[in-house]
Structures are given as C-alpha cells and as structure tokens.
> 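Following this message is one structure expressed as structure tokens.
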Amino acid sequence: MELSLETLPIPDGLRDQYYAAGIRSLYPPQITCVDEGLFLGRNLIISIPTASGKTLVAEMAMHHHIASGGKCLYVVPLKALASEKYDDFSGKGVKIGIATGDFDRKDELLGRSDIIVATSEKVDSLLRNRTGWISSITLLVIDEMHLIGDEGRGATLEMVIATMRNRNQNLQVIGLSATIGNPKELAGWLSAGLVQSDWRPVDLREGVYYKGSIRFDGSKREVASLKKDADTNLCLDTIQEGGQALVFVSSRRNAEGAAKRIASALGLEEPALNRIADQILENDESGVAQALALCIKKGAAFHHAGLSRDARKLVEEGFRKGTIRVIASTPTLAAGLNLPARRVIINSLHRFVPGEGQVAIPVREYRQMAGRAGRPGLDPYGEAVLIGKSESAVKELFREFICAPAEEIDSQCAKKSVLLSRILALVASNEATDNDAILSFFSGSFYAFRHRNLSYLTRICTRVTRELEEMGMVVDLGSRIEATVFGELTSKLYLDPRSSVMIQTAFHERETVTPFGILHLLCATPDMFRLFLRSADEELIEHVIEEQGEEILIGEGEHLFSWLGYDDFYQAIKTAIVLQDWIGEVSVEMIAERYSIGPGDIHGLVDGIGWLVHGARELCRREMPAHLQIIADLELRIRHGVKEELLPLIRLRGIGRVRARSLFNSGYTTPGEIRDAGVEKIARIVGQKTAESIIQEIQNKEIGKRSGNQSGNLESGEKREKKKRPRYDGKVNDETRLDRGDASTRRKSGQQRILDF
DNA sequence: CCGTAACCGTTGTAGACAGCATGTC
DNA sequence: CTACAACGGTTACGG
C-alpha cells in the first residue's frame, strides 16, 4: 500500500520540506496512524520500534494542529532529547520553544511558540504554577511513553498526562512508545487507537556469538578470531566491512576497559581522530578525558555519565560523522540520543541493583539497545549480538531475551513516596481540594484503569494526606483541604516534601549553621543524587567526622526521617566533602582524581546541589530568616565554585571565578579597594573594558546605597564582619512551623562514630 | 630467571529531572 | 544485603 504525501492534510510548506529531504511516501506503520485517525483528533498510542518514523508522525500531526490555530506540547524524558527534538522541528515554518530546567525563557513568553518541547518534570512544574498557555494546548505528544512504568520518574509522566487531560477536554494525545507487553491497556486508558507493528526501515537480525560465530535464527556467521575477546573480534569484523559498532556494557570500568582493548586492536591513525582527541583535552584534563583521548586517537571511544558535557558531545558527533568507529557505552546511550550503528554488541544483560545484586535487565531494555542497530539509509541491515559463554547460555539468551515478549508496564503512582509530592501538588495547585476530589483525580489515572479496585489506593491516599498534615504541608479543614504557605512553597519549588521537612527541621533547631552542615543536610535529602561509598572512603569520612562532625545538622537513622537510611547518611557525607572541595576552589581535575569520579559527575552534583540550595534559601526566607544570609552566600559560592573570601567580588557583573581570584590575589579583595585602585591598575588584571564597567557598577551601587535605597544587593566589602541583617518582609506563619519531636535527642547528632560499612 | 596460567580473596557496581536570574575567559 | 566480574596478589609450573 502506497500513500502519497499529496493526500495528507499537512501544510504545503512542510510537504515541500519532506520532498526536499527525499521523503516521497509513508512507511506502513505511519499509514496505519493516518487510518487510525491521526488527523481526526483521535488519541493514539503508537508502539513501534525505534527509528521507524514516530517523530515524523508526531510532526505531521503537530503541523496539522498549528495550521488550524492549535498549539502543541512535545514531552520528552531527557534534556538532551529536548534539544535534539528542538533541532529536528526547527526550520519548518513554525515557532519552536524549548522548556527544560536549565534552558528556558520566561515561562509565559514560551506561550508564543507553536510547538513547545519540554521535559516531563518541567511540564509538571508549569502545571503546578498554573502557567497560562498550558490550557491552550490542543495536542500533547508523549515521547517514550512507556516510561510511565519507570520507578523513579514514571509517576510524574502519568500525572502530567492525567492533569493535562483533566484540564482540557478536547486535547488530542499521541503517545509514542517502545514495544511493551500491554500496549492495549495504555490505549484503553486514553480511549486511544493503537498502532502496533514490528516493521523497521532496516532489517534487524538478532543473534548470539559463541566460539567464533554468531548464531542467528536459522543462519550462522563466522567471525575471525583475531584477538582474545569476543567483543573486540565482533567490532573488528564490523569495521572491516565498513560499519560501525556500539558496545553496551554494565559498568563504567567495563566501558573504559572495552574501549581501550578495542582501540588498540583497531590501531587507526587519522588526522580527524587526532583532532577529536585534541578537542577532548582542550577544556578538560582529567584522567577520564586523557584515557578517552588516547582511545579516540585509535578509533574507539567510551561513553558514560562521568564524561564532561563537551566530551560526550564530541564522542557523539564523532561517531555520527563516522570518524569514531566504535563506542563502548553504559546504558546512557541506550535510552538517550538517537545514535544508530550497524552492529550493536551487548556484553552483559545484568545490572547491579542495591539489595538484589546482579539482576537481569528487562527485555524492554534489551530491545531498546538492539533497536539501535542499523542506520536507516546507510546500513544494509542491522545486527544485535549477544555474547554467550556456553552452549546452554546461548539457548538461554535466545529464550530469555531474543524470543521473549516485552514486559507489561504498570503505574507507579500508588506508592507513598510519590504520592506525598503528587497529592501536595494537587492540593497546592487547587487541582483537588478535598479527599473526594483527590480520589476522583486518581480515578482518571493509568493506575485506576489497570487496577479496577481502588480500595488500596484510597487507603494509602488518606494515609498520605494525614502525613502531609503532620508535616505541616496541608491543613484538613474538614470540608476542604488547603495547602499551608510551607506546603505551597514546597510544591512550587519542586521539592520533595520530605526534603522540605528535613531542611526546615534542621535549620529550625540550630542557632548556627555552617556551609558543610548545610551541604550535608541537602545531600541527605531524597532529592539529591549521592555518590557511592567505597571502602577507601572510610578513612576520609572518619577523619571529616572528627574534624567537622559538630557541623552536621542531622543524625544517622534519625527517627524523624524514616526514609534516611544508614548508608544515605554516609553517602551524604562523602558527597558533601566533594562539594566542599568545589567551594574551596579545588580544581575539577583534582577533585576527579581525589574521589575517582569524572567531571560529568562533579557537574551533576554541583547542578543538583545548586537547585536544592536555592530551594532551601526560599524556604529559609519564609520560615527561618535568621539563616538566610549564610545560605544565600552558599548558593553563590556553589554557582561559581569559589571560597567565601571572593563573595564580594563575584557579585560584580563580568567577574567570574577566575577574574575574582586574580583580583583577590593581586590585593583587591573588596569592591571598595577596586574603586580606589582605579581603572588603570584593575585593567591590567581583567582588561580595559571589564575594569571600566565594574568600577562604574561599584560607583552606581554606592550612590544607590547613600540615597537610602537598599535594593542594591552589593555587600559593601569594608564592613564584612558587620553582617547585614537578612531582609525579611513577612511574619512567620505559625501553622506552617513544625514543632514536633524532641529536639534535645537530636542536638548532638553529628557526633556519632562511624562504625563500619 | 622470567613469563604465564591458575587460583583466590577483595572490591566495586547506571543514570541526571527540577528553581531562578543572567552573564565567563 | 544481594551476585557478578574485574583486579591484585600469590603460587605453581614450564621453558
């Protein structure tokens, strides 16, 4: 069956673009989408393999909506994916906007775009803040919709869909999903048409390698055994016939190890490869970057979250251009960007789960990796190859993965930990303001669709609501549940209620807090990503507890914070130590080496603590103004990675980490001293232009101050010890305070000894 | 004397969303 | 508190 683009109700401009790109007709599954009512406003679940044209379907539907005055929201799970889609959709005659945590215009301004690409969390946040344009969305596209079943973030996605549907009755929803076990249920939930197909534009062969050959279903392919390791031989084989290979492994160490092995087996020498290697080392001299550069020189690379953003990009680009022949990667690449290769080699189908050990990965994830095989239009076929260790293992791999059906996905929203913030969000945004409304909201969820019996959900909802009340987040007025100021703030700041309570309790009980204490507290919250403990860390942690134990604000196994485990507490110490180094101006390279982590990890930690400390500051402003100044200072120090002494300088526009440090070292430690020194002397350190503008700025601020206008937040350097009183404009709402628990039992909590790991 | 294989106990284990207000070298 | 593989250290063996 052929379907020409001519007959489709899409704008002519878009059609021309498609023609120019060589698209003449639709793929079979795309035709089914049209038949199922894509252009008739019908909801659709499209469950087809990766790279079989889902994006195109969504794009056509979006342009169709825009042409008749509609507005579209495209939801993705990763920020990297958001920019990828932004690029895909750009330049086709409609306005595209991008909304993610670290890259957004003013929320309201975003409403002028025709298509808004956003992460699910960002949409959640926009819904909580009742952003105006959200209600004018006519088409909602959910990319990777199967992530509804994801333990960590699935509930957010589910709630976003439910809330959007709740607010807008005429909304069309298109869900793009990988192959899952129960697509019919997903479609049933949304009363959607289901498009399901295994069709791929490039043929995919799945097989298992064992003793020198790949066994496919029915056929066999010999692979020359030039080297010892199976994955190396498989790579050499592919490269030899002109393809590229992607090797999936389960740990970073394995990724680096495999890349090294394969690189030396390849032994390429090309100027293009050397250029990439040089670029890697340009802004990043850490150990990982050096190892990576060495591998890339010979044609292979590794990829994992420890790499810096730049390094990751360079690897991805290099592979896409064909310069880099092999990437050995952790699952970062499996779920993320679209980076196909002719052959995908899957080294291990296990993953470590704390508490369970090595666990087999879900079939769905195997499919996701295998689906990366075969570049449409470039490769004659794609191959996914598993590695068998014995005759019986080969059979098992076929049975358990290649021939196995994908798992069913289930709703994740009926768990206490997610319901806490979900219900708070419902109440705080006036989505639901009493128990019945809360339940009725959840009756529109995927959970309710799957589990007809809602008695469990009902019970847990009332329990969670009561808990929120105990936390001081909501008040139950009988007829109506209302969010307290504290609760509303928590919801809008996008903090986990448990984090908020931890922050509030810890600050409330203390006269003095130190940066390290705050860092540890924030690292211990459920919102923070923590570093693993290694046995080598024991000594360091013990030492820090001895030195700085008094500063710690919360105790291990704190009875108030039942969610704070024993390990979490020590992980938080380690993580806080790393961040303390960061604000102590220890270089990234040094930190990386000291704790055997990569620049990417450091970035991730700094980023995470950065928004948490901002949240903490906003909480402090309302609840505990006495600590406001110290936390505001800490926020600035984290953002720039500087010591306290640079604070007065870093506040100047045009002065960052490096310039502030060189000014300070040259003896100019305050804005006052800089002004007195004059443009000429300062220009020698920071250049003429910056010198002029900062001195101008200093003078402006001083005039502002003299005239009694306190709004200039420049802290006059010569009076550092006379700390400015934190400004606080409201009264503390007593209802929002937490006055529970026996404070004295917790006071000295920082002192306990570390026992063993 | 050295290299290798074989063995054994020890060690470490993936990922990255959100707020906010603007500007580094 | 799970299970697996890679690593480091040691020993045994063979050239």
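Letters A, B, ... mirror the listed sequences (proteins, then strands); counts begin at 1.
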> Counting heavy atoms from C-beta on, name the nucleotide in B/dG19, B/dT13, B/dT24 closest to the side chain of A/Glu635.
B/dG19
> Using distance alone, with no hydrogens and no angle criterion, decide if A/Asp124 and A/Tyr494 have a side-chain donor and acceptor under 3.5 Å apart.
yes
> Report the nucleotide, chosen from B/dG19, B/dT13, B/dC17, that has the shortest atom-to-atom distance to any side-chain atom of A/His614.
B/dG19
> According to side-chain hydrogen bond (donor to acceptor under 3.5 Å, both in side chains), who are the partners of A/Asp284, at least two apart in sequence or on a separate chain?
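side-chain hydrogen bond (donor to acceptor under 3.5 Å, both in side chains) check on A/Asp284 returns A/Ser286, A/Ser308.
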> Expressed as a whole number of Å, how far does the C1' atom of C/dC1 sit from that of B/dC17?
29 Å
> Ion pair present between A/Arg661 and A/Glu645, side-chain N to carboxylate O less than 4.0 angstrom?
yes
> Please tell me which of the listed nucleotides, B/dT13, B/dG12, B/dC25, lies nearest to the side chain of A/Arg253?
B/dG12
> Which part of the nucleic acid does A/His603 contact within heavy-atom distance under 4.0 Å: base, sugar-phosphate only, or nothing?
nothing
> Can you tell which of B/dA18, B/dT11, B/dG15 lies closest to the side chain of A/Thr330?
B/dG15
> Does the side chain of A/Gln688 come under 3.5 Å of the side chain of A/Glu692 through a donor N or O and an acceptor N or O?
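On atom types as modelled, these side chains qualify, holding a pair under 3.5 Å.
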> Which is true for A/Ser250 with a 4.0 Å heavy-atom rule: it touches a base, it touches only sugar-phosphate, or it touches nothing?
sugar-phosphate
> How would you label the contact of A/Pro77 with the nucleic acid (heavy atoms, under 4.0 Å): base, sugar-phosphate, or nothing?
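Sugar-phosphate: the residue A/Pro77, judged by heavy atoms under 4.0 Å, touches backbone atoms but no base.
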> Given the rule that a pair is Watson-Crick or G-U wobble with both distances under 3.5 Å, how would you write DNA chain B in dot-bracket, using | for pairs to a different strand?
|||||||||||||............
> Would you indicate whether A/Arg594, at its atom CZ, is surrounded by more than 12 heavy atoms from other residues, nucleotides or ligands within a distance under 6.0 Å?
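More than 12 within 6.0 Å, yes.
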> Is there a side-chain contact between A/Thr100 and the phosphate of B/dC17, meaning an N or O under 4.0 Å from OP1 or OP2?
no
> What nucleic acid atoms does A/Gly355 come within less than 4.0 Å of, heavy atoms only: base, sugar-phosphate, or nothing?
base
> Please name all residues satisfying salt bridge (Lys or Arg N to Asp or Glu O under 4.0 Å) with A/Asp527, sequence neighbours left out, ordered by chain then number.
none
> Could you check whether A/Val353 gets within reach of a base, just the sugar-phosphate, or nothing at all, counting any heavy atom under 4.0 Å?
base
> Measure from the side-chain heavy atoms of A/Arg153 and tell me the nearest of B/dC17, B/dG12, B/dA14.
B/dC17
> What nucleic acid atoms does A/Glu151 come within less than 4.0 Å of, heavy atoms only: base, sugar-phosphate, or nothing?
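Counting heavy atoms under 4.0 Å across all strands, no contact is made by A/Glu151.
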> What is the distance, to the nearest angstrom, from the CG atom on A/Leu78 to the C1' atom on B/dA18?
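From A/Leu78 CG to B/dA18 C1': 14 Å.
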> Which residue, A/Glu365 or A/Glu121, contacts DNA chain B at a nucleotide closer to its 5' end, judged by nearest heavy atom?
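The residue mapped nearer the 5' terminus is A/Glu365.
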> Rounded to whole Å, how long is the line connecting atom CZ of A/Arg422 with atom P of B/dA18?
13 Å
> From CD1 of A/Ile503 over to C1' of B/dG19, roughly how many Å is that when rounded to an integer?
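Whole-Å distance recorded here is 13 Å.
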> Base, sugar-phosphate, or nothing for A/Leu495, non-hydrogen atoms under 4.0 angstrom?
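If one applies the 4.0 Å heavy-atom cut-off, A/Leu495 turns out to touch nothing in the nucleic acid.
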> With a non-hydrogen cut-off below 4.0 angstrom, is A/Asp124 in contact with a base, only sugar-phosphate, or nothing?
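Touches nothing.
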> Would you indicate, yes or no, if B/dG19 has its OP1 or OP2 atom less than 4.0 angstrom from a side-chain nitrogen or oxygen of A/Ser125?
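Yes, such a contact exists.
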> A/Ile98 has an atom CD1; how far is it from atom C1' of B/dC17, in whole Å?
14 Å
> Heavy-atom nearest nucleotide on DNA chain B for A/Asp150 versus A/Gly615: which residue maps closer to 5'?
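Checking each residue's closest nucleotide, the 5'-ward one belongs to A/Asp150.
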> Using whole Å, report how far CZ of A/Arg639 lies from C1' of B/dT22.
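In whole Å, B/dT22 C1' and A/Arg639 CZ are 8 Å from each other.
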> Send over the distance from A/Leu636 CG to B/dG23 P, rounded to a whole Å.
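It works out to 13 Å between those atoms.
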> With sequence neighbours excluded, tell me which residues meet side-chain hydrogen bond (donor to acceptor under 3.5 Å, both in side chains) with A/Arg351.
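Result, side-chain hydrogen bond (donor to acceptor under 3.5 Å, both in side chains) vs A/Arg351: A/Glu365.
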> Taking the nucleotide of DNA chain C with the closest heavy atom to each, which residue, A/Glu356 or A/Lys389, is nearer the 5' end?
A/Glu356
> Does A/Arg351 make a side-chain N or O approach to OP1 or OP2 of B/dA14 shorter than 4.0 Å?
no
> Looking at A/Lys79, does any N or O in its side chain come under 4.0 Å of the phosphate oxygens OP1/OP2 on B/dC17?
yes
> In terms of side-chain heavy atoms, does A/Arg498 have a donor or acceptor partner in A/Ser417 at a distance below 3.5 Å?
no
> Determine the contact category for A/Leu612: base if any of its heavy atoms lies under 4.0 Å from a base atom, sugar-phosphate if only primed atoms, P, OP1 or OP2 are that close, otherwise nothing.
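The residue A/Leu612 makes no contact with any strand.
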> Is A/Gly654 touching bases, backbone alone, or none of the nucleic acid, heavy atoms closer than 4.0 Å?
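Since only primed, P, OP1 and OP2 atoms lie under 4.0 Å of A/Gly654, the category is sugar-phosphate.
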> Under a plain distance cut-off of 3.5 Å, with no hydrogens placed, do A/Glu151 and A/Gln412 share a side-chain donor-acceptor pair?
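Distance-only check fails for A/Gln412 and A/Glu151.
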> Given B/dG12, B/dA14, B/dA18, identify the nucleotide with an atom nearest to the side chain of A/Arg252.
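The answer is B/dA14.
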> A/His350 near the nucleic acid: base, sugar-phosphate alone, or nothing, with a heavy-atom cut-off under 4.0 Å?
nothing
> Would you mind reading off the distance between A/Leu652 atom CG and B/dA21 atom P, rounded to a whole angstrom?
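Taking atom P of B/dA21 as the reference, CG of A/Leu652 is at 20 Å.
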> Which residues pass the salt bridge (Lys or Arg N to Asp or Glu O under 4.0 Å) test with A/Glu316, not counting sequence neighbours?
none
> Please give, in whole Å, the distance from B/dC17 P to A/Lys122 NZ?
13 Å
> First and last nucleotide of DNA chain C touching chain A, 5' to 3', heavy-atom cut-off 4.0 Å?
C/dC1 to C/dA6
> So A/Gly656, base contact, sugar-phosphate only, or nothing? Heavy-atom distance under 4.0 Å.
sugar-phosphate
> Please confirm whether the backbone N or O of A/Leu495 pairs with a side-chain atom of A/Ser499, one donor and one acceptor, at under 3.5 Å?
no
> Look only at the side chain of A/Asp601 and the backbone of A/Gly598, and say whether a donor-acceptor pair between them is shorter than 3.5 Å.
yes
